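Here the structure comes first, spelled out in structure tokens, and everything after it is commentary.
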There are 2 protein chains.
Amino acid sequence: MADTDELLSIRAAELYYEENKTQDEIGTVLRLTRWKVGRLLAQAKASGFIRIEIVHPRARRLSIERRLREKTGLTDAIVVSSAGVTSDEELQSRTAQAAADYLSGLRPVPRTLGISWGRTLHEVSLHVAQGWANGVNVVQINGGVSLNRRAGTAAATAVTIAHKASGAATLLPSPAILERLDTKNAIEADRSVAAVLNLGAAASAYLFSAGQADQNSALVDSGYLTAEQVAELVRKGAVGDIVGRYIDSNGNIVDPELDGRTVGIQLEQLRHAKTAVAVIAGSSKHAIARAVVGSGLCTVLVTDEETALAVLGDDS
Amino acid sequence: MADTDELLSIRAAELYYEENKTQDEIGTVLRLTRWKVGRLLAQAKASGFIRIEIVHPRARRLSIERRLREKTGLTDAIVVSSAGVTSDEELQSRTAQAAADYLSGLRPVPRTLGISWGRTLHEVSLHVAQGWANGVNVVQINGGVSLNRRAGTAAATAVTIAHKASGAATLLPSPAILERLDTKNAIEADRSVAAVLNLGAAASAYLFSAGQADQNSALVDSGYLTAEQVAELVRKGAVGDIVGRYIDSNGNIVDPELDGRTVGIQLEQLRHAKTAVAVIAGSSKHAIARAVVGSGLCTVLVTDEETALAVLGDDS
DNA sequence: ACCACGGATGCTCAGGTGAGCAACCTAGAC
DNA sequence: GTCTAGGTTGCTCACCTGAGCATCCGTGGT
């Protein structure tokens, strides 16, 4: 009987959703009362046989967003749907788009926006709409100018976002990581650098991404670290980096010595920020995303469906 | 504007389908009238952004079935959904189940049912429900006893189906293909074989599957043909076989000489049958399915979603 | 044989929703 | 400036649908 009912509920669902017949008509076809049909349909839904997906690059998963807000202490969460996505690139592009959208809608509009740099942030900058705000100044919060492969990408990111909001960009004229601690101290003490760091520390909102801890990291790519150094960090528990600083799954600095040579905003400053938007997408970044959210390094997370589920601990 | 509307329709769809809010509530959230929301929703549906799938082993694709009936001359078509299917085996199992279901519901109940043999048909026999009919006699319509690897599978298929309908099974005591034409003529002339062939020719319904033309064919497996012979048939245009006879994409016999040595029902007899049910599933059988349906070799097709679309010519 | 009980069934009724229609903008032609 | 055609908007109304409720039925206990 339960078996018959299950089969019937499937037949009813086919007629209802595929052929869009009315429950009454289905009743006639299957020789049931329309109330029975309604109950079968409800049963089919409850059993999870009916899957409704919104297939669109801009589609979001509100239910996952809600769960994220509730389970973690996030102020807000944006989760893009991965329905119909085939490549990781597409997923990252969708997420970048969503981050750009979120930035445009951010209220109050930040007077100063602190940003990091990287592939993700650059893509966000491209998706931001012209005139998304009026007079937002953008300041880089971690070092890294001009060493990376396509020189100027980091600068372009900040400039583009600022320009599209009729604001000015302030670049941080320093490498991301210095080889010697005293060099780092010296450069931080330099007036031009210190001013930018202070500006960054006082930003009204932050937008940053994260890197996974492996040889594909942007820091390796840019020549600040070697693949071996990253492997060593992983051995010490690193799951990835944000603003150039490697953290473990609890959000703690993995290598204080290395961190001491890293120029940019302190994690504690991010942790105490009113608005810190992390944009993290892709299957390789589940661990770092979990660490960032779990240790309160951001107040807003923009991510993809799978990463969001990983953060929630819903994956196997 | 069109862009804004598209985005709005996605937002509306999220709230409607994921959060199941009412159109009125959505109107309040998005600052729209409820009619506008209704139109956005309709637009989202029309644009194909809303995908509703019924995820269940017994789910069918009624819309494809209808198109098949309309576009081809089929009396009936059963198309199982491939939503959530990962392996070809699962797809074939679902299709076999559907064929068994169809057989049970076939009206008028056939007094004599002619069947072929093979992996697919065997699986159908397992899925047929005990007592699916009362007093249906089953007769094999093509040769092939006991030569195949697991001897007796062909016989078991017929016996099982007959037994479950409280009927008797009549086996065709002959190889599928003979090496010499005169041996074939002699065996056909033998009274015990001729009687079965006549019985098969007079069956009130037929149920058969199809094989693809490659080295994985059941006929190769059973030792009736070598892989080289099949390759030669393919060179001549063969796309697969039904009841042991290889046909090209137009449904014509590929090799009349070989066909002359094949024991079993003639294709013309199938073509003129009132009820001929073909069960064909799996990605490797798209071509043969198209040939069978296109040349009127069956009146009913039981298949999977992808194969059905291939038959309709919807694939690239 | 009788009764109590849980689950299924059919119904009422209050919303929710889509089709169809009139009013209204808007943009271009003259 | 005026007019017209096409598209959009807000609305009515009839229909569809889900929640809640009374009833029925079969089962197991006494």
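Please read these numbers as outputs of a predicted model, since none were measured by experiment. To find a chain, count down the sequence lines: A is the first, B the second, and so on, and within it residues start at 1.
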**Request:** May I have the distance from B:Leu8 (atom CG) to D:dT9 (atom P), rounded to whole angstrom?
**Result:** 11 Å
**Message:** Under 4.0 Å from OP1 or OP2 of C:dT17: is there any side-chain N or O of B:Tyr16 that close?
**Reply:** yes
**Request:** Starting at CG of A:Leu8, measure out to CD of A:Gln43 and round the result to the nearest 0.5 Å.
**Result:** 9.0 Å
**Prompt:** Roughly how far, to the nearest 0.5 Å, is the NE2 atom of A:His286 from the CD atom of A:Glu306?
**Reply:** 6.5 Å
**Message:** Under 4.0 Å from OP1 or OP2 of D:dG18: is there any side-chain N or O of A:Gln23 that close?
**Reply:** yes
**Message:** Using 0.5 Å steps for rounding, measure from the OG atom of A:Ser47 to the NE2 atom of B:His56.
**Reply:** 8.0 Å
**Asked** What is the distance from NZ of A:Lys21 to C1' of C:dG18, rounded to the nearest Å?
**Response** 18 Å
**Request:** List the atom of B:Arg11, the atom of A:Arg60, and the distance in Å for their closest heavy-atom pair.
**Result:** NH2-CD, 3.8 Å
**Fill in**
Atom CG of A:Leu15 and atom P of D:dC16 are separated, to the nearest Å, by 16 Å
**Asked** Between C:dG16 atom C1' and B:Glu19 atom CD, what is the distance in whole Å?
**Response** 18 Å
**Request:** For B:Lys45 and C:dG18, give me the distance from atom NZ to atom C1', rounded to whole Å.
**Result:** 10 Å
**Prompt:** Is there a side-chain contact between A:Ile54 and B:Ile50 (heavy atoms, below 4.5 Å)?
**Reply:** yes
**Request:** Provide, to the nearest angstrom, the distance between the CG atom belonging to B:Leu32 and the P atom belonging to D:dT8.
**Result:** 14 Å
**Heavy-atom pair of closest approach, residues B:Ala281 and B:Asp304** = CA-OD2, 3.3 Å
**Message:** I need the CD-C1' distance between A:Gln43 and D:dG18, as an integer number of Å.
**Reply:** 16 Å
Atom pairs, protein N/O to nucleotides 10-13 of chain C N/O, distance under 3.5 Å:
unit_1 : atom_1 : unit_2  : atom_2 : d
C:dG10 : OP2    : A:Thr33 : OG1    : 3.3
C:dG10 : N7     : A:Arg39 : NH1    : 3.3
C:dG10 : O6     : A:Arg39 : NH2    : 2.5
C:dT12 : O4     : A:Trp35 : NE1    : 3.4

**Request:** Grab the CG-P distance between B:Leu40 and C:dG18 for me, whole Å please.
**Result:** 12 Å
